[in-house]
Amino acid sequence: MELTRKLIRTENDFNQMIEETKDSIKIAFDTENGSELALNPKYAKPVGFSISVDGKRGYYIPINHLDIKTNFHLRFKELLVNKKLIIFWNAIYDAGITSAHYNEDLYKYKWFDCMIAQHLIDAFQSKGLKYNTKRYFRIHQQEFKWKDMLDTNAADVYQYACDDAIYTFKHYLRLKEEIKKQHMENLILNIEGEFLKVLTHMKLQGIKFNVDECKQLEQRLIKDKINIVNEILNVTPEITYIQDLLGGKKPNINLDSNKDLVKLLYDKLNLPVKKQTASGAPAADSEAFELMKDNFNEWLHPICPLLIKYKEVQKLLSAYTKSLYEKVVDGRIYGDLLDHGTESGRLSAREPNLQQLPKNDTYKIRHLFKASEGYKMYVSDFSQEELRLAGHITKCKAFLKAFNNEEDLHLRVASESYNLNIPEECLIGTHPQYNSYKDKYYKERFYAKSINFGLLYGRTAHGLAPQLNCSVEEAQAIVNNYFYSNPEIKQAMENSKREVQVKGYVENIYGRKRRFNKAEKNGRRFYPKECFRQAFNHKIQGGCADMLRIIMVEIYKYVREQPKDEIRIITTVHDEIMFEIKDNINLQKHREMIDKIMTETIKLDIKLSTDGKLGNNYGECK
DNA sequence: ACGCATGGCGCC
DNA sequence: AAAGGGCGCCATGCGT
């Protein structure tokens with residue numbers, strides 16, 4: 001089938017294109033943009049866009065090329081008459097562009113993001129358009145590479161740009177069939193399609209960051225690091241020179257090199273190997289240093305606590321100072337939230353990863369992330385979301401009872417597992433005797449808590465033993481007891497294992513799948529053990545991820561009903577959602593509404609519960 | 001110069 | 001033989 005590609009040069013061309021496309025209800029859409037910040041939809045400069053309504057004909061509409069300059073983006077909405085479905089390859093970017101520059105935010109249409117559909121079907125393969133065109137259509141889609149699209153001629157670009165829209169449409173035709181076959185229509189259209197609108201909104205907001213405070217913190221960290229290094233030198237005459245910090249002699253050790261640290265600890269200082277890495281080599285991490293104590297709890301060498309301090313400071317310095325403030329544009333950081341970054345269905349984050357900001361009380365990194373002028377920051381998180389979903393999925397009676405009576409789950413499980421006979425009413429946090437029981441059975445509660453969390457990850461007695469500070473046999477007895485008292489949990493885990501063995505995948509309550517590959521050994525093919533841990537975890541972790549999507553979609557509906565910029569959704573970290581809310585009379589009302597949506601949108605056998613915190617910066621919202 | 005693996009570590 | 005799920009980023013060290 002021959003493809004046609006048209007460059008829209010004149011108003012007449014545009015009018016004709018409208019005639020040729022107006023009867024279609026679906027349109028694939030791709031944008032071309034320039035500037036040094038081309039990857040940030042808010043700061044990118046539109047250069048042109050392409051559309052296709054059938055996967056055969058492509059149109060390229062130039063806006064700002066060397067040879068053609070137009071205002072055609074302002075006529076974009078004319079192409080959307082009659083349209084029901086917008087088809088993207090990476091909606092966050094292209095919809096972000098239209099929202100920021102085309103005066104058209106596409107919210108009222110249904111979205112189908114082929115990249116996300118591809119991910120739902122096959123999380124293992126690359127998600128690039130060109131890669132998938134080659135893979136599925138055996139066609140090498142040529143790429144137009146130029147350092148800045150602003151410096152190009154439309155005549156040189158339009159054929160490549162048309163192909164992006166044409167092939168996006170072709171992928172849609174393929175993907176929608178596969179999605180249907182796998183019963184994921186609701187997931188891709190109503191959950192992902194709507195959630196991508198929220199992600200687009202968040203990408204455009206960014207988050208305010210105080211560069212000056214960050215640089216001050218950086219100086220403080222550098223000073224502290226130098227002090228630590230000097231102390232290390234004082235207590236370790238074996239070291240004569242530390243890379244980068246003290247001049248003079250031949251390099252003796254680089255504290256950032258684990259190879260060097262291993263040599264120092266185990267060869268020069270002859271400390272015992274108490275921990276190994278995954279590959280069996282002696283470990284030189286903070287946990288290994290922490291173990292360097294004798295029977296009287298005295299350090300085997302004074303360098304050990306200093307190295308722990310060093311690693312903490314060095315980590316903050318290398319990952320959370322310069323690398324944050326150098327990403328600031330106009331006072332804000334615009335990180336990426338990826339909807340296709342994980343196998344479990346969670347979101348991943350990058351450049352920077354705002355999901356891993358340290359909660360350090362000494363060096364307050366989170367305090368650098370501010371609410372905008374005139375706004376408060378509001379962070380609301382779910383309490384024990386995963387355990388609640390685990391209870392819903394397994395129908396475990398202890399979980400259902402505990403959460404629905406607002407009891408302390410860990411204490412209930414402890415009471416049942418160890419026959420403590422704690423009266424039911426005393427399991428409730430507000431009961432006068434609750435605290436005395438909690439103190440009295442501290443150990444049993446701790447065991448129960450360790451297992452409650454461990455079970456989500458498929459932890460075994462071997463892994464549990466060190467945490468409970470007991471033998472493997474004792475840990476095994478505790479686990480057995482737990483499963484005996486809570487047979488529904490054991491059953492649910494066995495069910496998910498069986499699901500893997502029969503179907504090769506598991507799915508969560510919204511139909512999101514996780515697939516598993518067999519390993520091969522001695523000609524036998526089998527699912528490695530970790531598959532079964534991952535399978536059960538997928539239902540919990542991936543289920544919570546989709547719950548979050550659904551809930552954020554509802555919150556965004558509410559946000560859009562308010563005056564513009566009254567509430568901004570800033571970001572999310574798995575079980576928490578961050579907002580900026582205008583600091584006015586309505587703030588409290590919005591807060592309450594957000595929490596109401598978070599707890600009431602999804603009806604499980606177990607109620608959801610949130611904990612919201614207001615502040616002027618992220619650090620204060622704890 | 002760049003890509004990749006490893007060890008390590010920040011978060012949920 | 002190892003022994004908990006999901007991420008991204010850092011520095012090093014080795015390969016091309």
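This structure is a prediction, so every number in the text was calculated from the model and none was measured. We name chains A, B, ... by the order of the sequence lines, and we start the count at 1 in each one.
- Side chain of N132(A) to backbone of R135(A): no donor-acceptor contact under 3.5 angstrom is found.
- What separates CD of E385(A) from C1' of dG5(C) is a distance of 15 Å, to the nearest Å.
- Atoms CG (L387(A)) and C1' (dG5(C)) sit 13 Å apart, rounded to a whole Å.
- The aromatic rings of F453(A) and H410(A) sit tilted relative to each other, their planes meeting at an angle between 30° and 60°.
- Whole-Å rounding puts the R459(A) CZ to dA2(C) C1' distance at 14 Å.
- Atom NZ of K263(A) and atom C1' of dT12(C) are 13 Å apart (whole Å).
- For the pair E351(A) CD and dC10(C) C1', the computed distance is 14 Å after rounding to whole Å.
- Although no hydrogens or angles enter the test, the distance criterion places a donor-acceptor pair under 3.5 Å between the side chain of N481(A) and the main chain of S417(A).
- When the ring pair (Phe, Tyr, Trp, His ring centres under 6.0 Å) test is applied to H538(A), no partner is found at least two apart in sequence or on another chain.
- Atom C1' of nucleotide dG6(C) and atom CD of Q534(A) are separated by 10 Å, given to the nearest angstrom.
- As rounded to the nearest Å, dC9(B) and dA1(C) have P atoms that lie 27 Å from one another.
- Within residues 475-493 of chain A, no residue has any heavy atom under 4.0 Å from DNA chain B.
- Aromatic ring orientation, F446(A) versus Y442(A): parallel (interplanar angle below 30°, classes split at 30° and 60°).
- On the C1' atoms, dG4(C) is 23 Å away from dA5(B), given to the nearest whole Å.
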field: Nucleotide-resolved protein contact map, nucleotides 7-12 of chain B, B/S/- at heavy-atom distance under 4.0 Å
entry: SBBBBB

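- Protein atom CD1 of I365(A) is 14 Å distant from nucleotide atom C1' of dC9(C), rounded to whole Å.
- Ion pair K263(A)/E238(A) not flagged as a salt bridge, since none of the NZ, NE, NH1 or NH2 atoms sits closer than 4.0 Å to an Asp/Glu carboxylate oxygen.
- Side-chain nitrogen and oxygen atoms of S323(A) include none within less than 4.0 Å of the OP1 or OP2 phosphate oxygen of dC9(C).
- Neither OP1 nor OP2 of dC9(C) sits under 4.0 Å from any side-chain N or O of S318(A).
- Distance CD1 (I451(A)) to P (dG4(C)): 13 Å, rounded to an integer number of Å.
- No donor-acceptor pair under 3.5 Å is formed between the side chain of N486(A) and the backbone N or O of I489(A).
- Taking a cutoff of 4.0 Å between a charged side-chain nitrogen and a carboxylate oxygen, K613(A) and D381(A) qualify as a salt bridge.
- Residue R533(A) has a polar side-chain atom (N or O) positioned under 4.0 Å from OP1 or OP2 of dG5(C).
- Using a 4.0 Å heavy-atom cutoff across all strands shown, Q314(A) reaches no nucleic acid atom at all.
- Residue K529(A) has its side chain nearest to dA2(C) when only dA2(C), dG5(C), dT12(C) are considered.
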message: Pair R498(A), E494(A) - check salt bridge (charged side-chain N to carboxylate O under 4.0 Å, His left out), show working.
response: CA-CA 6 Å; R498(A) 179 111 191 98; E494(A) 280 171 6; over 6 Å; no

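- In terms of phosphate contacts, N537(A) brings no side-chain nitrogen or oxygen within less than 4.0 Å of OP1 or OP2 of dG6(C).
- When atom types are taken as modelled, the side chain of H340(A) and the backbone of A117(A) share no donor-acceptor pair closer than 3.5 angstrom.
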